[in-house]
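Heads up: the structure comes next, in structure tokens.
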Amino acid sequence: MLDPRAFRQDLNETATILKRRGVILDVDKIASLEAERKALQVKTEQLQSERTTRSKAIGQAKAKGEDIQPLLDAVANLGQSLDEAKASLVDVQQKLNDYLAGVPNLPHESVPDGESEDDNVELSKWGNPKSYDFEVKDHVDLGALHGMDFEKAAKITGSRFVTLAGPMARLQRALAQFMLDMHSQEHGYTEVYVPLMVNAQSLYGTGQLPKFEEDLFKTQNDFGYYLIPTAEVPVTNMVRDQILSEQELPVKYVAHTPCFRSEAGSAGRDTRGLIRQHQFEKVELVQIVRPEDSYDALEALTGHAETILQKLELPYRKVVLCAGDIGFSSAKTYDLEVWLPAQNTYREISSCSNFEAFQARRLQVRWRKPEQKKPELANTVNGSGLAVGRTLVGLIENHQQKDGSIVIPDALRPYMGVDVIKACD
RNA sequence: GGAGAAAUGGCCGAGCGGCUGAAGGCGCUCCCCUGCUAAGGGAGUAUGGGGGAUGACCUCAUCGAGGGUUCGAAUCCCUCUUUCUCCGCCA
């Protein structure tokens with residue numbers, strides 16, 4: 001949610017900035033709803049004030065034993081007017097809120113112009129894609145040699161799921177473990193364990209609702225809980241409705257969770273392999289920071305994710321998303337893309353965003369700024385560090401050998417227990 | 001799953017339907033006093049919103065959440081949520 005003032009006082013400027021994202025703000029509609037809201041709110045509050053005053057007078061008169069009937073008669077119609085005014089106000093506020101809740105965050109000024117992912121700007125590259133003196137296998141063929149099975153998963157559940165057995169299962173666990181240890185021990189994050197099902201309010205807080213319900217899995221029982229699409233939701237909501245002290249910031253959390261996405265609208269995309277699944281593992285980094293620190297935090301957090309790729313000796317590039325491609329709640333996003341030799345291209349493996357106060361406003365996460373009386377909204381920054389499934393893909397594809405064996409990078413060996421996943425049979 | 005109890009400000013804890021945004025205590029901030037410390041005295045100390053110039057000031061909402069009764073609700077009624085105790089079940 002944007003600051004309501006952006007719509008009251010700087011409406012045209014806000015519309016101009018949103019246009020960079022390809023969002024056309026209905027300025028006239030907002031302005032008229034806003035005018036209506038103001039008039040109704042003032043009227044309602046006047047009526048309420050009058051009611052309070054008169055009610056107190058009745059109480060006092062009664063205490064003195066005076067006849068209160070004339071006073072009661074005087075307020076006879078007040079209740080109805082108040083109810084009417086209140087109802088209109090609620091109605092207008094609802095309309096306004098429904099509209100504004102669907103407005104995305106403003107892109108930061110450093111975000112490049114552009115309409116789609118084709119306009120994203122590559123900022124840096126790390127590592128050199130190896131050249132192979134044999135025909136590289138993609139992760140599906142390679143994984144099949146070591147315990148990755150999509151058909152079994154299709155039998156158990158359906159498409160876009162996988163089973164892992166033996167070395168592949170262990171590799172996924174090793175990767176998650178390695179990432180958690182790096183972030184919690186080297187990068188200063190506190191490891192957290194969170195619910196994998198959340199209520200609607202949590203999803204509203206981080207911005208997945210109300211707009212993107214179709215991307216989510218929802219339970220059908222009375223609870224109506226949703227499976228988390230990312231740990232960002234439960235982890236960020238840990239601080240919902242809190243006022244944090246200066247010393248508590250920055251809050252830095254890391255969590256490893258499965259993520260569930262319906263991938264509605266992705267029919268036909270990435271149908272082969274592990275790239276786009278309904279269920280996948282991810283290690284997520286979340287920071288709650290002071291507003292003035294959030295862009296530094298974004299750089300640092302992105303660096304933490306990059307460290308993982310570097311330790312795993314995986315070539316990647318860093319891309320800044322253009323205004324037209326950044327996510328709904330984000331003001332600025334970096335994507336990290338790992339090199340996949342079989343696809344001969346870079347594929348997203350991490351997405352790191354600064355949401356500024358957009359989520360914090362919905363979540364009511366604030367902090368006590370010493371130099372001002374009122375609490376101030378904090379900023380939230382998060383990113384994948386990394387998507388574990390895709391990391392597994394990157395790892396086996398990049399470190400494969402001619403015979404189908406996979407070399408485990410040094411950093412991961414303590415977690416894998418072996419130097420090489422041997423070619424079986 | 002069954003039976004009971006509870007939910008009030010940073011914390012503890014009062015609160016006959018009207019003078020309670022809320023006593024009292026603790027904590028915290030500032031001031032006074034004391035050579036320092038401790039003790040003592042005084043003042044202040046919730047959050048969100050609206051109007052107004054992002055001023056003075058005015059005003060509304062909030063006592064777990066949502067409804068209701070009433071001229072008026074922290075206080076009465078209903079629903080829900082959470083917590084605690086006991087029983088059952090269970091990884």
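Since the model is a prediction, treat every value here as computed from it, not as a measurement. In what follows, chains carry the letters A, B, and so on, assigned in the order in which the sequence lines appear, proteins first and then strands, with residues in each chain numbered from 1.
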**Prompt:** So, A:Gln177 and A:Asp181: side-chain donor and acceptor under 3.5 Å apart, yes or no?
**Reply:** no
**Complete:** Rounded to whole Å, the CG-P distance (A:Leu72 to B:G72) equals 10 Å
**Item:** No-H, no-angle donor-acceptor pair, A:Glu45 side chain to B:G49 base, under 3.5 Å
**Value:** yes
**Prompt:** What is the base-pairing partner of B:U75, counting Watson-Crick and G-U wobble geometry with both distances under 3.5 Å?
**Reply:** none
**Request:** Report the nucleotide, chosen from B:G18, B:G48, B:C60, that has the shortest atom-to-atom distance to any side-chain atom of A:Lys62.
**Result:** B:G18
**Prompt:** When the P atoms of B:U79 and B:U29 are considered, how many whole Å apart are they?
**Reply:** 47 Å
**Between B:A65 and B:A7 - C1' atom distance, rounded Å** = 11 Å
**Side-chain donor-acceptor contact under 3.5 Å, A:Gln46 with A:Glu50** = no
**Parallel, tilted or perpendicular: rings of A:His183 and A:His187 (30°, 60°)** = tilted
**Prompt:** Taking atom C1' of B:G17 as reference, at what distance in whole Å does atom CZ of A:Arg51 sit?
**Reply:** 14 Å
**Fill in**
Comparing nearest nucleotides in RNA chain B, the 5'-proximal residue of the pair A:Gln364, A:Gly79 is A:Gln364
**Prompt:** When you measure from the side chain of A:Thr52, which nucleotide among B:G72, B:C60, B:G18 comes out closest?
**Reply:** B:C60
**Message:** Applying the Watson-Crick and G-U wobble criteria at under 3.5 Å, what pairs with B:U70? Answer none if nothing qualifies.
**Reply:** none
**Given B:C60, B:G49, B:C71, the nucleotide with the shortest approach to the side chain of A:Val75** = B:C71
**Request:** Could you measure between the two P atoms, the one in B:A3 and the one in B:U8, and give it in whole Å?
**Result:** 25 Å
**Message:** From C-beta outward on A:Ile58, which listed nucleotide comes closest to its side chain: B:G18, B:G48, B:A61?
**Reply:** B:G18
**Asked** For B:G55, what is the paired nucleotide under Watson-Crick or G-U wobble rules, both distances under 3.5 Å?
**Response** none
**Residue A:Ile243, side-chain atoms from C-beta onward, closest of B:C60, B:U47, B:G48** = B:U47
**Prompt:** If you measure only the distance, is there a donor-acceptor pair under 3.5 Å linking the side chains of A:Glu376 and A:Trp367?
**Reply:** yes
**Rounded distance in Å - CD (A:Gln46) to C1' (B:G51)** = 9 Å
**Request:** Quote, to the nearest angstrom, the P distance that separates B:G21 from B:G13.
**Result:** 23 Å
**Message:** Please report the distance, rounded to the nearest Å, between CD in A:Glu376 and P in B:U54.
**Reply:** 19 Å
**Side-chain N or O of A:Lys43 closer than 4.0 Å to phosphate OP1/OP2 of B:C60** = no
**Prompt:** Want to settle it: does A:Gln48 or A:Gln9 sit nearer the 5' end of RNA chain B, counting the closest nucleotide to each?
**Reply:** A:Gln9
**Prompt:** Which part of the nucleic acid, if any, lies within contact of A:Arg368, taking any heavy atom under 4.0 Å across all strands shown: a base, the sugar-phosphate backbone alone, or nothing?
**Reply:** sugar-phosphate
**Request:** Let me know the distance between CG of A:Leu363 and C1' of B:G48, rounded to the nearest Å.
**Result:** 16 Å
**Prompt:** Which nucleotide in the list B:G72, B:C60, B:U47 gets nearest to the side chain of A:Arg366?
**Reply:** B:U47
**Prompt:** Taking a pair as Watson-Crick or G-U wobble with both distances under 3.5 Å, which nucleotide is matched to B:U37?
**Reply:** none
**Nearest-Å distance once atom P is located in both B:U45 and B:C57** = 14 Å
**Prompt:** Roughly, in whole Å, what's the span from CD in A:Glu50 to P in B:C58?
**Reply:** 19 Å
**Presence of salt bridge, A:Lys318 and A:Glu299, under 4.0 angstrom** = yes
**Fill in**
Across every strand shown, the nucleotide meeting Watson-Crick or G-U wobble geometry with B:C84 (both distances under 3.5 Å) is B:G4
**Prompt:** Does B:G24 have a Watson-Crick or wobble partner in any strand here, with both distances under 3.5 angstrom, and which is it?
**Reply:** B:C12
**Fill in**
Atom CD of A:Gln41 and atom P of B:G51 are separated, to the nearest Å, by 7 Å
**Prompt:** Can you tell me how far P in B:C78 sits from the matching atom in B:G25, rounded to whole Å?
**Reply:** 36 Å
**Message:** At 4.0 Å (heavy atoms only), tell me whether A:Lys38 reaches a base, stays on the sugar-phosphate, or touches nothing.
**Reply:** sugar-phosphate
**Asked** Between A:Ser49 and B:C60, is there a side-chain N or O to OP1/OP2 distance below 4.0 Å?
**Response** yes
**Fill in**
Rounded to whole Å, the CD-P distance (A:Gln60 to B:G72) equals 17 Å
**Request:** Look through every strand shown and name the nucleotide pairing with B:A43 as Watson-Crick or G-U wobble, where both distances are under 3.5 Å.
**Result:** B:U29
**Request:** For nucleotides B:A56 and B:G64, find the distance between their P atoms and express it as a whole number of Å.
**Result:** 32 Å
**Asked** Which nucleotide, B:G51, B:C60, B:G18, lies nearest any side-chain atom of A:Val42?
**Response** B:G51
**Asked** Are any non-hydrogen side-chain atoms of A:Glu232 and A:Phe355 less than 4.5 angstrom apart?
**Response** yes
**Item:** A:Asn199 and A:Ser202: side chain donor to acceptor below 3.5 Å
**Value:** yes
**Asked** Base, sugar-phosphate alone, or nothing: which one does A:Pro375 contact when heavy atoms must sit under 4.0 Å apart?
**Response** sugar-phosphate
**Prompt:** Between A:His256 and A:Glu281, does any side-chain donor sit less than 3.5 Å from a side-chain acceptor?
**Reply:** yes
**Asked** Looking only at atom C1', what distance separates B:G2 and B:C12, rounded to whole Å?
**Response** 33 Å
